[in-house]
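To find a chain, count down the sequence lines: A is the first, B the second, and so on, and within it residues start at 1.
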Amino acid sequence: MTLTAQIKTATEAALKSLFPKIAIPENLIAVNQTKPEFIGDYTVVLFPLVKLLRQKPDELGKQLGEQLVADNNELFASFAIVSGFLNLTIQDTYWASFLLNHFNDPHFGEKPKKDKRVMVEYSSPNTNKPLHFGHLRNIFLGYAVAEILKATGNQVIKANLINDRGIHICKSMIAWMDYANGATPESTQIKGDHLVGDYYVKFNEVYKEQVKTLVSQGMEEAQAEKEAPIMKAAQDLLRKWEAGDAATYDLWKQMNVWVYKGFNVTYKRMGIDFDKFYYESQTYLLGKAIIEQGLQKHVLFQKEDGSIWIDLSNEGLDQKLLLRSDGTSVYITQDIGTAKLKYDEYKLDQSIYVIGDEQNYHMQVLKLIMQKLNEPSANGIHHLSYGMVELPSGRMKSREGTVVDADDMVAEMVALAKTQTEEAGKTDGFSQEELNALYEMIGLGALKFYLLRVDPKKKMIFNPKESIDLHGFTATFIQYAHARICSILKKEGYEKMPKNIRFQTFQLTNAFLSGEKKLVVMLEQYSNVLEEATKELNPSAICNYAFQLAQVFNSFYDQHSISQAESQEKKHLRLMLIIMTASILRHSMKLLGISLPDKM
RNA sequence: GGUCUCGUAGCUCAGUUGGAUAGAGCAACAGCCUUCUAAGCUGUGGGUCUCAGGUUCGAAUCCUGACGGGAUCACCA
């Protein structure tokens, strides 16, 4: 049980014995950390209880404080009342035994395994263009959320739904057929996803030009957008594809393989993995079948032109197209199929979709459709909606070419790590291979942290002209704190000591100093933070915590020497503190996919 | 226009179910390497929490309205 939980329980018990006749709702008991300007570690807020118990705050505080200390003298050392707040000081011996019990536990903060099965779908790229900076937020967020859920005991399946079919890929295909002269990744030495993306951009250039020409010939713009020959060719290609045309299918397959190879290089470099791949091309037919059934059950309806719709006007939404009049499927068609497939394969309790907030409406519709169709998968659908990454000039759009490419960004960050390491003169004692690994660790860490440290719900603005910092609230700061700890431990010969024997004789005789206390209080908080991050599906809580912990450690490091500690007792206490600090830093960063070096 | 969402220091962001004098980082300025890694530490300056009402012992936080951003409402994905 965490300390806050213990204090809450103790407070409930104390109130019960003080006021046996009054039932006190649990939510009235608020336990917070005591503000640094007051004496104490944890605070019980008295105001919420005042009315119910008909007591003056300070009198209630005195009674409650006395009762708490008397009943729990192993936990509380003393109490003080400051204008309606009951500040409790925790016994140093409590902290000492906390450290002895946990300092060497690499799984501290984790929760026991549960039966709950959760799928986290993230990345889910289109196969017509390479990944860009905005996709990275999705990928890192999904990965981190999956890892966090695992750490808190869930059975997690990481899924990637490849949007491998649809008009978008046909656009790249048409442009490739018309303009590529058979160019391949091999012949051009261009990474496959980039090559295919180039032709997506090409399509849009040609399309724009054709629309312009038609408009200049007197056609309405809306009409011209439909009539542009290259657009009609793309639509034609989509119909041929859905009809199973062999040549179309072969080209489609070929181009997708190029893209997958490219994506895999990117995923691998970033340390991103998946347990399960779904392909839209394999789920859209299932979606169509479900829609067909829905039509027979009259949950859906068909218009005269043959298109199939659902009416959600009773839910405050409007009518939504599920299948085009020419019988081809739209985006949501395959979503319906995939949702069912996921559920049937894994009997999921929850299915989390990491998708941008631009699709809030779409996801709301999907859930409603599944509910109306009486699909058991419906209730588990959860849209983890995150804000877009924008440039100072506005949104990133692949089709306009206004994107920061993911591969370029990674390369830039790694190069930045190299430059700054060299400038700081910190390359001594590393082999070239070790240095390269270090630069990857620092560059990628900074990038991941940068995208994860902000509340996922909020959109963020990224200015490519200002490089991502390696100082302050960054992964580098945390990596550095970790390297410092490793350096001390190495100096103290910790690695060679049998781990569990070393502190067995530890006895606390001196009070904790302020820096030591701050650090141990931070350490104890970790499980609360993990729980919070799980509840909110929010990795930024972990970023904030890890940074704060590193900050408190750095401050501690400045104040207190380990190798020159005042006594053997202090040395052991501080060793336990920093061993646990390093362990939690490693654990928390691992959840975000960030590794920490032993030296840097 | 309907729906949703955001508005906190010059910039980027924290701020738990409403709790004490609203906090970090960056940028600026001033200190600290003979002592476990200065990618660090210590300090200074910087705020009408968009505005106006309301609820409350107590509001950045909850409610209403206004103003200002953004998303969405496609036979695009």
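Judged by atom type and distance alone, A/N87 reaches the base of B/rA20 through a side-chain donor-acceptor pair under 3.5 Å. For A/T34 against B/rA20, no side-chain N or O and base N or O form a donor-acceptor pair under 3.5 Å. Applying the 3.5 Å distance criterion, the base of B/rA39 shares no donor-acceptor pair with the side chain of A/T474. Side-chain to base pairing of A/K426 with B/rU37: one donor and one acceptor N or O lie within less than 3.5 Å of each other.
Base-pair partner of B/rG65: B/rC51 (Watson-Crick or G-U wobble, both distances under 3.5 Å). The base-pairing partner of B/rG1, taking Watson-Crick or G-U wobble contacts with both distances under 3.5 Å, is B/rC73. Nucleotide B/rU44: paired with B/rA28 (Watson-Crick or G-U wobble, both distances less than 3.5 Å).
In this pair, A/F85 lays its aromatic ring flat on the base of B/rA20, centres within 5.5 Å and planes under 30 degrees apart. The side-chain ring of A/F47 is not stacked on the base of B/rG58, judged by centre separation under 5.5 angstrom and plane angle under 30 degrees.
Judged by the 6.0 Å and 45° rule, A/K171 forms no cation-pi pair with A/Y200. The cationic atom of A/R165 (NZ for Lys, CZ for Arg) lies less than 6.0 Å from the six-membered ring centre of A/Y284 and within 45° of the ring axis. Stacking of A/K599 on the aromatic ring of A/F430 is recorded, both the 6.0 Å distance cut-off and the 45° axial limit being met. Figure legend: cation-pi geometry between A/R484 and A/Y557, with NZ or CZ positioned under 6.0 Å from the six-membered ring centre and within 45° of its axis. With a 6.0 Å cutoff to the six-membered ring centre and a 45° limit on the axis angle, A/K320 does not count as a cation-pi contact of A/W309.
At least one side-chain nitrogen or oxygen of A/H471 sits closer than 4.0 Å to the OP1 or OP2 atom of B/rG40.
To the nearest angstrom, C1' of B/rC57 lies 16 Å from CG of A/L52. The CE-C1' distance, from A/M363 to B/rU72, rounds to 15 Å in whole Å. A/Y450 places its OH atom 19 Å from the C1' atom of B/rA39, with the value rounded to the nearest Å. In this structure, the CD atom of A/E37 is 11 Å from the C1' atom of B/rG23, given to the nearest Å. When the P atom of B/rA24 is taken as reference, atom CE of A/M522 falls 13 Å away, rounded to whole Å. Taking atom NZ on A/K459 and atom C1' on B/rU5, their separation rounds to 10 Å, with Å as the unit. Taking atom CG of residue A/L470 and atom P of nucleotide B/rG25, one finds them 17 Å apart after rounding to whole Å. In this structure, the CD atom of A/E466 is 14 Å from the C1' atom of B/rC13, given to the nearest Å.
Listed nucleotides: B/rC41, B/rC57, B/rC4. Nearest to the side chain of A/F477: B/rC41. Closest contact between the side chain of A/S563 and the listed nucleotides B/rA77, B/rU37, B/rC36 involves B/rC36.
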